[in-house]
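So the structure is just underneath, and the comments pick up after that.
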Number of protein chains: 2
Amino acid sequence: MNDKGTGNKNMNNCPLTYALNLIGGKWRLPIIWALSQNNTLRYNELKRKVDGITNMMLSQSLKEMENHGLVNRKQFMEIPPRVEYSLTEEGKDLIPALESLAKWGKGMKNKEMDRCNK
Amino acid sequence: MNDKGTGNKNMNNCPLTYALNLIGGKWRLPIIWALSQNNTLRYNELKRKVDGITNMMLSQSLKEMENHGLVNRKQFMEIPPRVEYSLTEEGKDLIPALESLAKWGKGMKNKEMDRCNK
DNA sequence: CTGAATCCTCCCGGATACTG
DNA sequence: CAGTATCCGGGAGGATTCAG
C-alpha cells in the first residue's frame, strides 16, 4: 500500500503519523468532510460537493480510503450504474478529532489575521 | 506565505484545512512532538531528537512554524551561539487535538493488522 | 454513470558544501 | 553551535482519453 502525504520512517510507531497518512493528501479531507455531512452520496454527487476534483483523484482517493476502512462502497447492479459512498463507523469516529483540530485551526487563523492587521 | 502539504483552494474557509497546512509536511509533526516533551530545546538537541532530519529541513521547518506562531525562538547573543526553541501557548493548545487524532490512528492501525492477519 | 489508464508537470524534500 | 546556498531526483497530483 502506498504512503501518501506525510510519509515518515522514524515515527512509524507513532499512531499520530499513521493517522496523518490516512487523512493526508490533497483531497481526502474534503471528501471525508462531504461524506460526514450526508449519510450516503453517489459518485457524481460527491464530485459536485468536492469542487475541483477530477475523476482520477476522486476514485483514487475513495479506493484508498475504502482499503483503509474509512469509507464504505456499495455498488448496485443496475443500469445505469449506481454506487453509494458513506463513512464507516471508524470514519465517523474520526470526526470529533477533526473538529478539535478545526477549532484550533480557527483560532490560529484569527491570530494570523491579527498579526497582519497590526 | 507558502502552503505546504495539503494545499487546497476550495476549502480555504475550512479551518481544518488551515490547521493541516500548519502541521503538514514531513517533519513538522515530529518536531512539535519533540518540543512538546521538553520545555525548551537547543537546535542540536532538537536535531538529535528528530532522527534523520537535516539542517536544511530543521531550520526551514522551525522558521515556518515560528512565522505561524507555533514555535518560540529565543536567541542568546553569546559565543558560541545558543538558540532555544519551545512551543508557544498556541502550539501547546494543539497537543490535545493531536492526541485525539493519535488515539484514533492507533485504533485504525489495530484494525488494519486484524485485516492482514485474517 | 462510474470509473481506469497513460502521460506529464511541478515542487517538496534530500545531499552536499559553505559561513558567522 | 546554528544555521544557508545550491543543485537535483522522486513522487504526488493533474489533464486527457478511453471503457463497461
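In this text, all values refer to a predicted model and were calculated from it rather than measured experimentally. So that the names make sense, note that chain A is the first sequence line, chain B the second, and so on, each numbered from 1. Just so it is clear, the values below take in all heavy atoms, side chains as well, and ignore hydrogens, waters and symmetry mates.
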Quiz item: To the nearest 10 degrees, how far apart in direction are the end axes of the helix from C:dC1-D:dG20 to C:dG20-D:dC1, each fit to five base pairs?
Solution: 50°
Quiz item: Please walk me through it: do B:Met108 and A:Leu70 pass side chain to side chain contact (heavy atoms under 4.5 Å, CB included)?
Solution: CA-CA 9 Å; B:Met108 293 303 289; A:Leu70 275 166; 4.2 Å; yes
Scan nucleotides 2-9 of chain D against the protein and return all N/O pairs shorter than 3.5 Å with their distances rounded to 0.1 Å.
residue : atom : partner : partner atom : Å
D:dA2   : OP1  : B:Arg42 : NE           : 3.0
D:dA2   : OP1  : B:Arg42 : NH2          : 3.1
D:dA2   : OP1  : B:Val83 : N            : 3.4
D:dA2   : OP2  : B:Asn44 : N            : 3.1
D:dG3   : OP1  : B:Arg73 : NH1          : 2.3
D:dG3   : OP2  : B:Tyr85 : OH           : 2.5
D:dG3   : N7   : B:Asn55 : ND2          : 3.3
D:dT4   : OP1  : B:Lys63 : NZ           : 3.2

Practice problem: Would you name the heavy atoms of B:Asn21 and B:Arg28 that are closest together and state the gap between them? | Solution: O-NH1, 2.8 Å
Quiz item: Could you walk me through whether A:Trp33 and A:Val50 pass the side chain to side chain contact (heavy atoms under 4.5 Å, CB included) check?
Solution: CA-CA 9 Å; A:Trp33 192 252; A:Val50 182; over 6 Å; no
Practice problem: For B:Trp27 and C:dG14, give me the distance from atom CH2 to atom C1', rounded to whole Å. | Solution: 10 Å
Quiz item: Just how far, in rounded Å, is P of D:dG11 from CD of A:Glu64?
Solution: 15 Å
Practice problem: Would you indicate, yes or no, if C:dC1 has its OP1 or OP2 atom less than 4.0 angstrom from a side-chain nitrogen or oxygen of A:Lys47? | Solution: no
Quiz item: Say you draw a straight line from CG of A:Asn110 to CD of B:Glu90; how long is it, rounded to the nearest 0.5 Å?
Solution: 11.5 Å
Self-check item: Between P of C:dG20 and CD1 of B:Ile79, the distance in whole Å
Solution: 13 Å
Exercise. Please check if B:Phe76 and B:Val83 belong to a single hydrophobic cluster, counting links between Ile, Leu, Val, Met, Phe, Trp and Tyr side chain heavy atoms closer than 4.5 Å.
Key: no
Exercise. Quick one: do B:Leu62 and B:Glu66 satisfy side chain to side chain contact (heavy atoms under 4.5 Å, CB included)? Show the steps, please.
Key: CA-CA 6 Å; B:Leu62 282 171; B:Glu66 190 194 355; over 6 Å; no
Quiz item: Within this structure, what is the CG-to-P distance between B:Leu46 and D:dC1, rounded to whole angstrom?
Solution: 14 Å
Self-check item: d(CG, A:Leu41; C1', C:dT2) in whole Å
Solution: 15 Å
Quiz item: Under the 3.5 angstrom rule, does the side chain of A:Thr40 hit a backbone N or O of A:Tyr85 as a donor-acceptor pair?
Solution: no
Self-check item: Student check: side-chain heavy atoms of B:Leu29 and B:Leu98 closer than 4.5 Å
Solution: yes
Quiz item: Whole Å only: how far is the CD1 atom of A:Ile31 from the P atom of C:dG3?
Solution: 12 Å
Exercise. Round to the nearest Å and state the distance from A:Leu29 atom CG to D:dA12 atom C1'.
Key: 17 Å
Quiz item: To the nearest Å, how far apart are A:Ile53 CD1 and D:dT16 P?
Solution: 16 Å
Self-check item: Residues B:Glu89, B:Lys92: salt bridge by 4.0 Å N-O rule
Solution: yes
